[in-house]
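See structure below.
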Amino acid sequence: MIVAFLNQKGGVGKTTLALHLAGAWTRQGRRVTLIDADPQGSSLDWSEQRVREGLPRLFGVVGLARDTLHREAPELARTVDHVVIDGPPRVAGLMRSALLAADLVVIPATPSPFDGWASAEMLRLVEEARVFRPELRARFLLNRCGARTIIARETAETLADHDPPLLATRIGQRVAYADAAQTGRLVFEIDEAGPAAREIAALAVEIGRLAP
Ligand code: ADP
Ligand code: MG
């Protein structure tokens with residue numbers, strides 16, 4: 001399965017969640033390649049940071065921030081079980097290419113009604129891709145949910161009957177994610193049984209069930 005984390009908005013968690021999904025699947029014994037489709041190369045930076053810290057390799061990270069992604073990703077997918085794409089912000093050509101490559105698009109969004117989670121532009125691009133790929137699946141994913149869940153609940157209610165639908169798994173606002181990003185780690189390498197590790201495991205199971 002090729003899963004792409006896409007949202008034109010930056011800072012919603014595309015990189016964080018792509019790395020963690022790839023890591024969770026790796027822990028389940030799957031072979032995974034992560035494609036960094038963001039010209040900023042945050043996933044590549046993370047993987048270089050791991051090497052500097054002397055941490056073991058979990059999965060391959062390939063930089064492919066170009067419009068030929070939709071032709072190259074299926075090639076890469078042939079040699080592994082899953083490909084995870086960490087998407088670009090606001091680069092229309094790259095975004096389209098990622099949409100054509102993906103079996104499933106996950107749109108991370110933060111639980112604020114003002115945050116443009118349902119960015120009209122993003123939804124239009126998904127609809128456009130479905131002209132060529134009617135089987136393309138898309139899901140929203142709430143990230144950075146606070147302990148005060150009222151806004152999250154309101155957002156979830158707003159999204160309840162929405163297309164694309166919302167994944168049941170929510171990701172909390174947790175220091176562990178920021179720590180992980182800075183140290184080239186994943187949350188389960190910081191606290192194997194902590195809440196972050198548990199929600200990522202749940203996310204991997206839920207997304208795994210959406211495999212075509
Ligand atoms: P994007 O790739 O969409 O731009 P990132 O994954 O880089 O977003 O996340 C932006 C920033 O927010 C990063 O510093 C990251 O560590 C932090 N972050 C993302 N998700 C969470 C979370 N659930 N809890 C805490 N910090 C988070
Ligand atoms: Mg990013």
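Counting starts at 1 for both ligands and their atoms, in listed order.
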Would you call [X] and [Y] a salt bridge, taking side-chain N to carboxylate O under 4.0 Å as the test?
| X | Y | value |
| --- | --- | --- |
| Glu128 | Arg124 | yes |
| Arg31 | Asp81 | yes |
| Arg130 | Glu127 | yes |

Salt bridge (charged side-chain N to carboxylate O under 4.0 Å, His left out) partner of Glu199, chosen from Arg170, Arg144, Arg174
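Output: one option passes, namely Arg174.
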
Donor-acceptor contact below 3.5 Å, side chain Ser97 vs main chain His70:
yes

For ligand 1, would you mind listing the residues that have at least one heavy atom less than 4.0 Å away, ordered by chain and number?
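The 4.0 Å shell around ligand 1 contains Gly10, Gly11, Val12, Gly13, Lys14, Thr15, Thr16, Asn143, Arg144, Ile171, Gly172, Gln173, Arg174, Tyr177, Ala178, Ala181.
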
Return yes when at least one N/O/S atom of Thr16 is nearer than 2.8 Å to the Mg ion (ligand 2), and no when none is.
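Not a single backbone or side-chain N, O or S atom of Thr16 is under 2.8 Å from the Mg ion (ligand 2).
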
Side chain to side chain contact (heavy atoms under 4.5 Å, CB included) between Tyr177 and His20, intermediate numbers included
CA-CA 9 Å; Tyr177 290 107; His20 280 89; 3.8 Å; yes

